[in-house]
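Take a look at the structure set out below.
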Protein chains: 2
Amino acid sequence: MMGEDKFDTSPEWVDGETKALEAPGDHRAELRLWLRLLTCSTLVESEIRRRLREEFDSTLPRFDLMAQLERAPDGMVLGEVSKRMMVSPGNITVLVERLTESGHISRTTLPTDRRVQVIALTPFGRAEFEKMAATHADWISDLFAGVSPKEGGVLMDELAKLKRSVISALAKNT
Amino acid sequence: MMGEDKFDTSPEWVDGETKALEAPGDHRAELRLWLRLLTCSTLVESEIRRRLREEFDSTLPRFDLMAQLERAPDGMVLGEVSKRMMVSPGNITVLVERLTESGHISRTTLPTDRRVQVIALTPFGRAEFEKMAATHADWISDLFAGVSPKEGGVLMDELAKLKRSVISALAKNT
DNA sequence: CAAAACAATTTTAAGCTTGAAATTTATTCT
DNA sequence: AGAATAAATTTCAAGCTTAAAATTGTTTTG
């Protein structure tokens, strides 16, 4: 999905009227928007992955999993973690295995329902995560430094609309 | 990086003055923006992957590679493909192997420099890609249907600013 | 003209990711 | 209670991804 021109900032979208004159099935504007969105998130994401590896010898999935657990002091059920991270359940299994081995998280089988595994940050895991989280926040702040608070606000709002659009389209095709 | 609240649309950003009053090292606004951006692109991307698999028995990387080649009728050098797709060179090797096996692309060693491989869409590959591309454009249009042309224009512009911000931050830390 | 430097690509090792099938455990329904 | 159903998790097979090392081929330079 990559390949957007590197510095294309000209206005690509047209007003509704002009759009109506386009050939049927012409979705260029949406495609360009999607490519730009994807370019932005890929740029940020791969840089964050790189830095996590270099500076903490860790990975984004590990960081994300611990981030979920940080806000759940009493731990979280595996299925819930999987939903929140938007990844498949099988994925969580391996992550949890490794984070347990390395002592970052604990895992307990729920006594009342032995199908259910609850995981939580260990004190060590929490301490490690807090170090990483602070640095991570600085990285993001750095990468986003050229976006003013006002522009950031606009982006938040417009992305909220996009998110609703996508979620509602997904709900329809069920 | 997932885990943003599902329908959070309240204004998270504050004006510059309020921001100045926040504790030093408080990067919540940027973090929330990043999470929202990532949520949007993950939602779209995973749906596109799913549909490519279900309807065309294909994958996003394959589609992307062919999309690059479509605009290069005379073919493209592997290294160039790798750069445009923003993936590591080793990645391209495997993709090219499989797309060659399946007859979608051809590969030629440059006679003047035998290190260099040039790949191009075969007529079959081009025909297949065109079918996929048309459907793919419809999918995106569908997912983005709730975003008006005007809102899309705003998003394009704001994402352009973000992209410049990220690229310039990456250029600095070299 | 060799030797060193450089460039393009492939290989390797490790980890991530998915969907589907299998397992284990609980619940519901005769 | 026993059978079917459902739920939570794990296993499996296949493919993607990366960085680093290794290959292969070209160019530059002493």
Side-chain angles (χ1 to χ4, degrees), chain A residues 1-2 38 41-43 45-66 75-102 105 107-119, chain B residues 1-2 38 41-43 45-66 75-102 105 107-119:
Chain A
M1 290 312 321
M2 292 290 105
L38 186 54
S41 81
T42 301
L43 280 173
E45 201 176 327
S46 51
E47 180 66 8
I48 296 297
R49 282 182 196 279
R50 201 178 61 69
R51 294 190 187 180
L52 280 176
R53 183 174 36 73
E54 287 194 354
E55 309 211 356
F56 295 105
D57 192 25
S58 187
T59 68
L60 196 47
R62 274 174 232 232
F63 180 78
D64 287 348
L65 177 34
M66 291 196 278
M76 200 181 276
V77 171
L78 287 197
E80 180 65 16
V81 176
S82 162
K83 269 180 217 147
R84 296 213 190 194
M85 290 179 67
M86 299 195 213
V87 300
S88 64
N91 210 324
I92 301 297
T93 300
V94 189
L95 273 176
V96 165
E97 263 168 29
R98 300 196 209 264
L99 281 169
T100 305
E101 276 170 32
S102 62
I105 67 176
R107 102 194 285 171
T108 323
T109 299
L110 206 64
T112 56
D113 184 340
R114 289 188 324 205
R115 292 172 305 183
V116 178
Q117 306 274 330
V118 177
I119 57 178
Chain B
M1 292 313 322
M2 292 289 105
L38 187 55
S41 81
T42 302
L43 281 173
E45 201 177 328
S46 54
E47 180 67 8
I48 295 298
R49 282 181 196 278
R50 200 180 61 70
R51 293 189 187 179
L52 280 176
R53 183 173 35 73
E54 287 194 354
E55 309 212 355
F56 295 106
D57 193 25
S58 188
T59 68
L60 196 47
R62 273 174 233 234
F63 180 79
D64 288 348
L65 177 35
M66 289 196 278
M76 200 181 276
V77 172
L78 287 198
E80 180 66 17
V81 176
S82 162
K83 270 180 218 148
R84 296 215 189 194
M85 289 178 69
M86 300 196 214
V87 299
S88 63
N91 210 324
I92 301 298
T93 300
V94 189
L95 273 176
V96 165
E97 262 168 29
R98 299 197 211 265
L99 282 168
T100 305
E101 275 170 31
S102 62
I105 67 175
R107 99 193 288 172
T108 325
T109 299
L110 206 65
T112 56
D113 184 339
R114 288 185 326 201
R115 293 170 304 182
V116 179
Q117 307 274 330
V118 178
I119 58 179

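In what follows, every heavy atom counts, from backbone to side chain, and hydrogens, waters and symmetry copies are set aside. These numbers were taken from a predicted model, which means no experiment stands behind them. Sequence lines set the chain letters: A, B, ... in the order given, protein chains first and strands last, and positions in each chain run from 1.
To the nearest angstrom, C1' of dG15(C) lies 15 Å from CD1 of Ile92(A). One can place CZ of Phe63(A) at 19 Å from C1' of dG15(C), the figure rounded to the nearest angstrom. Computed from coordinates, the Leu78(B) CG to dT11(C) P distance equals 12 Å when rounded to whole Å. Put simply, CE on Met85(A) is 14 Å from C1' on dT18(C), counting in whole angstrom units. Summarising the geometry, the separation between CZ on Arg62(B) and C1' on dG15(D) is reported as 8 Å, rounded to the nearest angstrom. Between Asp57(B) atom CG and dG15(D) atom C1' there is a gap of 12 Å when expressed in whole angstrom units. Rounded to whole Å, the distance from NZ on Lys83(B) to P on dA7(C) is 10 Å.
At distances below 3.5 Å, at least one donor-acceptor pair connects side-chain atoms of Ser82(A) with backbone N or O atoms of Val87(A).
Within 4.0 Å of Val94(A), counting heavy atoms only, lies no atom of the nucleic acid at all. Across all strands shown, Gly90(B) has heavy atoms under 4.0 Å from base atoms, whether or not it also approaches the sugar-phosphate. Residue-level contact check: Ser82(A) touches neither bases nor backbone, having no heavy atom under 4.0 Å from any strand. Nucleic acid contact for Pro61(B): sugar-phosphate only, since backbone atoms but no base atoms lie under 4.0 Å from a heavy atom of the residue. Residue contacts shown for Asn91(A) include a base, since a base heavy atom lies under 4.0 Å away.
A distance of 9.5 Å separates CZ in Arg98(B) from OG1 in Thr59(B), rounded to the nearest 0.5 Å. Arg49(A) CZ to Thr42(A) OG1: the interatomic distance, rounded to the nearest 0.5 Å, is 10.0 Å.
Between Ser46(A) and dT18(D) there is no side-chain polar atom (N or O) within less than 4.0 angstrom of OP1 or OP2. The phosphate of dA8(D) has neither OP1 nor OP2 within less than 4.0 Å of any side-chain N or O from Arg107(A). In this structure, Arg114(A) does not reach the dA8(D) phosphate: none of its side-chain N or O atoms is under 4.0 Å from OP1 or OP2. Under 4.0 angstrom from either OP1 or OP2 of dT11(D) there lies no side-chain N or O belonging to Thr93(A). The side chain of Arg98(B) places no N or O atom within less than 4.0 Å of a non-bridging phosphate oxygen (OP1 or OP2) of dA14(D). Contact annotation: Arg53(B) does not reach the phosphate of dC16(D) (side-chain N/O to OP1 or OP2, under 4.0 Å).
Checked for salt-bridge contact, Arg50(A) and Glu47(A) meet the test: a charged N lies under 4.0 Å from a carboxylate O.
Nearer the 5' end of DNA chain D, as judged by each residue's closest nucleotide, is the contact made by Arg49(B), out of Arg49(B) and Arg115(B).
Nearest heavy-atom pair, Glu45(A) versus Leu38(B), reported as atom, atom and distance to 0.1 Å: OE1-CD1, 3.4 Å.
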